[in-house]
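Please read the structure below before turning to the comments.
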Amino acid sequence: MPLDLTPSTRPHGAQRAISATVLIIEAFVVFFAVLVAHQLVREDRVLTWAWGIATVVALVLASGLLRRGAWAYWLGFALQIPVVLLGLQVSAMWVVGLAFAALYAYGAIKGHQLDAEKDAVDARVLAQRDD
């Protein structure tokens with residue numbers, strides 16, 4: 001069964017709210033991890049800043065794109081990879097990155113389920129009102 005991440009038409013759906021919140025908080029964590037890596041890996045400072053700032057910008061942009069369709073949620077999943085790989089420079093990011101990946105997956109999948117259930121209830125209530 002394919003994973004359907006098509007966002008709900010709700011203006012403030014659970015899927016978008018949870019996923020966007022995780023991505024924004026993750027952007028802050030990545031920025032602070034880059035500050036740590038700046039001191040830990042002195043010989044790779046340019047790579048650290050380029051990788052980190054590009055990841056932060058991509059996370060923030062992805063959070064804004066979540067209303068555009070399912071592809072934006074897949075982009076969020078793809079952005080979990082550079083966050084986890086930041087563990088190459090800051091070892092704590094292996095654990096933190098995997099935790100954020102799990103939170104994002106939960107938000108995207110469970111939020112979609114919650115929105116679908118709310119949409120079904122709304123449809124039933126509207127059908128009963130029309131009768």
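Bear in mind that the values here come from a model prediction, so they are computed numbers and not experimental data.
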Would a hydrophobic clustering, with Ile, Leu, Val, Met, Phe, Trp and Tyr connected at side-chain separations under 4.5 Å, put [X] with [Y]?
| X | Y | result |
| --- | --- | --- |
| V90 | I81 | no |
| L98 | Y106 | no |
| V95 | L103 | no |
| V84 | V36 | no |
| L47 | I53 | no |

Could you pull out the closest heavy-atom pair between [X] and [Y], with the gap in Å?
| X | Y | value |
| --- | --- | --- |
| W94 | G87 | NE1-O, 3.0 Å |
| Q15 | A108 | NE2-O, 3.2 Å |
| S19 | G107 | OG-C, 3.5 Å |
| A27 | V60 | CB-CG2, 3.9 Å |

Practice task
Would you please test L66 and L23 for side-chain contact (heavy atoms from CB on, under 4.5 Å) and show each step?
Solution key: CA-CA 10 Å; L66 292 177; L23 289 175; 4.3 Å; yes
Taking side chain as C-beta onward, heavy atoms only, is [X] less than 4.5 Å from [Y]?
| X | Y | result |
| --- | --- | --- |
| R68 | Y73 | no |
| E117 | L114 | yes |
| H112 | D115 | no |
| V30 | L86 | yes |
| E26 | I24 | no |
| V34 | Q89 | no |

Problem - Approximate separation, where rounding is to 0.5 Å, of T48 OG1 and R42 CZ - result: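 Output value for this atom pair is 12.0 Å.
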Practice task
State the CG-CD distance between L59 and Q80, to the nearest 0.5 angstrom.
Solution key: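 The CD atom of Q80 is 7.0 Å from CG of L59, to the nearest 0.5 Å.
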Handout entry: Plane angle bin for W74 and F77 - parallel if under 30°, tilted between 30 and 60°, otherwise perpendicular
Key =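 Ring orientation of F77 relative to W74: tilted.
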Exercise for the section: Walk me through it: do L88 and W51 pass the test side-chain contact (heavy atoms from CB on, under 4.5 Å)? Expected result: CA-CA 12 Å; L88 294 170; W51 181 357; 4.3 Å; yes
